[in-house]
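So the structure is just underneath, and the comments pick up after that.
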Amino acid sequence: MDFQWYPGHMTKAKRMMQENMKLIDIMIELVDARIPLSSRNPDIDQLAANKFRLILLNKSDMADEKVTAMWEDYFKSKGFFVAKTNSKAGKGVKATQSIIMDACKEKLERDRKRGIKNRPIRAMIAGIPNVGKSTFINSLVGKACTKTGNKPGVTKGKQWIKLNKNIELLDTPGILWPKFEDQTVGLRLALIGSIRDEILNQDEMALELIEFLTMNYEGILNQRYQVDETMDRVKILEAIALNRNCKLKGDELDYTKAANILLEEFRNGKLGKISLETPEEE
Ligand code: G4P
């Protein structure tokens, strides 16, 4: 959460990724299932050119299942292997091992033809901060992991975690920077709580969320806060303030408090499984 990107950070992160790229066969990229495009940095396509690719739609427990299915089709149509995961609960995590094998079929075949046996697939996890990389790695590796340590030919200090006899995982994930220069992307990242709140005004964010929800998830706000969704968005925020008794001194309504409640409840999944972007916008 405490990530702040400066040009120097980006250059360093990119350099580290580039160095590690030489060591791996497959790039496993985590994105947030609620905003799969806004939570990825397209630079990865260039960085991981010529690598096998797997995209994991993580936090799928919080996303709209129908929309997630559309994203699976979308990424498949772009030539990626794709799977959905809930790293927090460990759902879909172990299954990624067989998907990794599947994605690297060509390499295994190539090795076999050259008479190379038992050369493990080497994988790396990457993604923007807060997307769930550490949670995923912990869930995948569990306790029964063996670190393979430094081996000749491997850059000093690199640690590989042996997942099974076929797959080794670089223990430090690659960190990508988000595309925060795009305002819509910034808003979506802030809405899911992935970047600092202070960057954007809470009231404005809540109004944007209200507009999105009334247009795309009719009935959700009414159900939770008993508000008339046909009103304009400022009136709806006012109605939420009334519903939750958000008052300042002198009985004036506290819009910011209401905005915070709405944003918190959205982020905690209390409003339901909601996706903020669909492939159709592409
Ligand atoms: P990072 O390494 O990519 O920076 O992310 P990290 O694993 O630290 O995860 C960031 C937050 O996202 C954590 O929550 C983590 O529990 C949560 N998370 C990761 N994967 C999933 C998932 O599939 N589903 C859900 N619902 N949450 C996920 P936190 O608020 O920092 O901590 P906590 O809530 O676990 O205490």
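Remember, it's 1-based here, ligands and their atoms both numbered in the order they're listed. All values reported here derive from a predicted model rather than from experimental measurement.
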Could you tell me whether the side chains of [X] and [Y] share a donor-acceptor contact shorter than 3.5 Å?
X	Y	answer
Asn130	Ser194	no
Gln226	Asn243	yes
Asn58	Thr85	yes

- [ ] May I ask which of Val131, Ile125, Leu176, Asn130 has a heavy atom nearer to atom 10 (C) of ligand 1 than the others do?
- [x] Asn130
Open item on the list: For ligand 1 and Gly132, I'd like to know whether there is a polar contact (N/O to N/O, distance under 3.5 Å).
Closed with: yes
Task: N or O contact, Phe136 vs ligand 1, cut-off under 3.5 Å - done: no
[X]: numbered ligand 1 atoms lying under 4.0 Å from its heavy atoms:
X	value
Met62	26 (N)
Thr135	6 (P), 7 (O), 9 (O), 15 (C), 19 (C)
Lys133	1 (P), 2 (O), 3 (O), 4 (O), 5 (O), 7 (O)
Asn86	22 (C), 23 (O), 24 (N)

Task: Neighbour count >12 (heavy atoms, 6.0 Å) for atom CD, Gln18 - done: yes
Task: Residue part near ligand 1, for Asp61, under 4.0 Å between non-hydrogen atoms - done: side chain
Task: Lys235/Asp228 ion pair, N-O < 4.0 Å - done: no
Open item on the list: So that I can tick it off, tell me whether Asp45 and Arg40 are bridged by a salt bridge, with the cut-off set at under 4.0 angstrom between side-chain N and carboxylate O.
Closed with: yes
